[in-house]
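Taking it in order: structure first as structure tokens, then the write-up.
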Amino acid sequence: MPDNDMTSQFNPDGPGDTPMEAQLRQLLADRAGGLAPPETPYATILRHGKAAHRRGRIALGAGAAVLAAAVPATTVAVGNLWPDEQEPESTLPALPTPSREETLAPAEPPEARGPSDPERQLLDGFTLEEARAHLDTCMGEDPWAAAEAEARGDETPPPLHAGDFRILLAWVSQGDENVGMEPQRRVLAVTDDPEASPYVQLVCTGTGMQSSGGDGRPAPDNGLAVEPDANAGRYHIPPMMGEWELPFRWADFGVVSPEVERVTVTYAGETEDAVIEAGYYVVAGIAEEWPRVRPVITGYGADGEVLYDSREDPTYPQDPIEP
């Protein structure tokens, strides 16, 4: 009976391999070595990949330039950055966002235009702000405007806005029995637009408004170079003599033609130079004595020649003032 040899490929603990087994084991090992993949070339792959990525970005940039030329304000974003690249920071400044107050704030209404010579036209402590505020208080319905609108057949009178006016004179006069004995703050203002229709002249007082007007800036209607305002008498003569105490503030005004360069007003023993503005002359003074005659108004041309003298004006009151 032959020996039972247990040394084989199924018994690795046997004393050794047979020549056939050794040859077979070597063949299997050689084939396994031929099938194993080589070490992965990470550096080579990364280098080639970056080069391809740059070529792709150049092509994409050219396409984006064409797109930007065809569609203005279009932004093309390139993503998929490589591990060692960083997202570029934006250089465009952020636009400020308006606050709710700025968005909803109403526009400021226009203000009345101030006089050209505040020292001679804003008197008795009046500031421009106070004169504007006083004008605002009498910007309600004007009886003259309502009457004119009714005559034209309009349903409503044209609205009056303080921003449409120019302030010519602001002063404080003494009161009387008609308006009260307390001091009266007064503002003379006219429409700033000389072509306006209606063109309005008004005096705002503490108790109301005295107004007049017409189509366009008024011109002397007496055929002369100067026309004193017929309603100005109430501002330099008290309704009843004796109601004002000496000294007292007086004021006078009227319209002038373009050739008039200077106007003087003599009253209560003093002569004052008037301010000429917006086709008007305006003047004010302090009476230290009771006047005996109405203001004497003289208009002069550029060469000093007399163009108007109220003492020769048949439309101007010449009667003396009774004490």
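When a residue number appears, it is its place in the shown sequence, counting from 1. Computed from a prediction, not measured in an experiment: that's the story for all the values here.
- The minimum heavy-atom distance linking P295 with S310 is given by the pair O-OG, 3.8 Å.
- Annotation for L169 and A251: closest pair CD2-CB, 4.0 Å, computed over non-hydrogen atoms.
- A distance-only check finds a donor-acceptor pair linking the side chain of Y199 to the backbone of T191 [under 3.5 Å].
- For the pair E227 (side chain) and A225 (backbone), a donor-acceptor distance under 3.5 Å is absent.
- The aromatic ring centroids of W250 and Y235 lie 6.0 Å or more from each other.
- Using modelled atom types, one side-chain atom of E130 and one backbone atom of T127 make a donor-acceptor pair closer than 3.5 Å.
- Within the 4.5 Å cutoff, the side chain of Y267 has heavy atoms near those of the I237 side chain.
- With contacts defined as side-chain heavy-atom distances shorter than 4.5 Å, the pair P320/R292 does not qualify.
- At a threshold of 4.5 Å between non-hydrogen side-chain atoms, the residues Q318 and R294 do not count as touching.
- Within the 4.5 Å cutoff, no side-chain heavy atoms of L123 are placed close to those of V172.
- The CZ atom of R186 sits 9.0 Å away from atom CD of Q210, with the distance rounded to the nearest 0.5 Å.
- A heavy-atom distance below 4.5 Å is found between the side chains of P220 and V255.
- Residues passing the ring pair (Phe, Tyr, Trp, His ring centres under 6.0 Å) test with Y300: none are found, sequence neighbours excluded.
- Using modelled atom types, no side-chain atom of R249 and backbone atom of S173 make a donor-acceptor pair closer than 3.5 Å.
- Remark: side-chain polar atoms of Q121 are not paired, donor with acceptor, to backbone N or O of V282 under 3.5 angstrom.
- Here the closest non-hydrogen pair linking G299 and V263 is CA-CG2, 4.3 Å.
- Remark: the backbone N or O of D313 is not paired with any side-chain donor or acceptor of D309 at under 3.5 angstrom.
- Annotation: side chain of Y308 is in contact with side chain of P228 (closest heavy-atom distance under 4.5 Å).
- The 12-atom threshold is exceeded at CD of E305, counting heavy atoms of other residues, nucleotides or ligands nearer than 6.0 Å.
- Distance alone, capped at 3.5 Å, is enough to place a donor-acceptor pair between the H134 side chain and the R185 backbone.
- Counting heavy atoms from C-beta on, the side chains of T298 and V306 come closer than 4.5 Å.
- Listed for the E270 side chain is no donor-acceptor partner under 3.5 Å among the backbone atoms of G285.
- For the atom pair L168 CG and F253 CZ, the distance stands at 9.5 Å (nearest 0.5 Å).
- Side-chain contact check for I276 versus V260: some heavy-atom pair is nearer than 4.5 Å.
- Environment of CG in D221: sparse, with no more than 12 heavy atoms of neighbouring residues, nucleotides or ligands closer than 6.0 Å.
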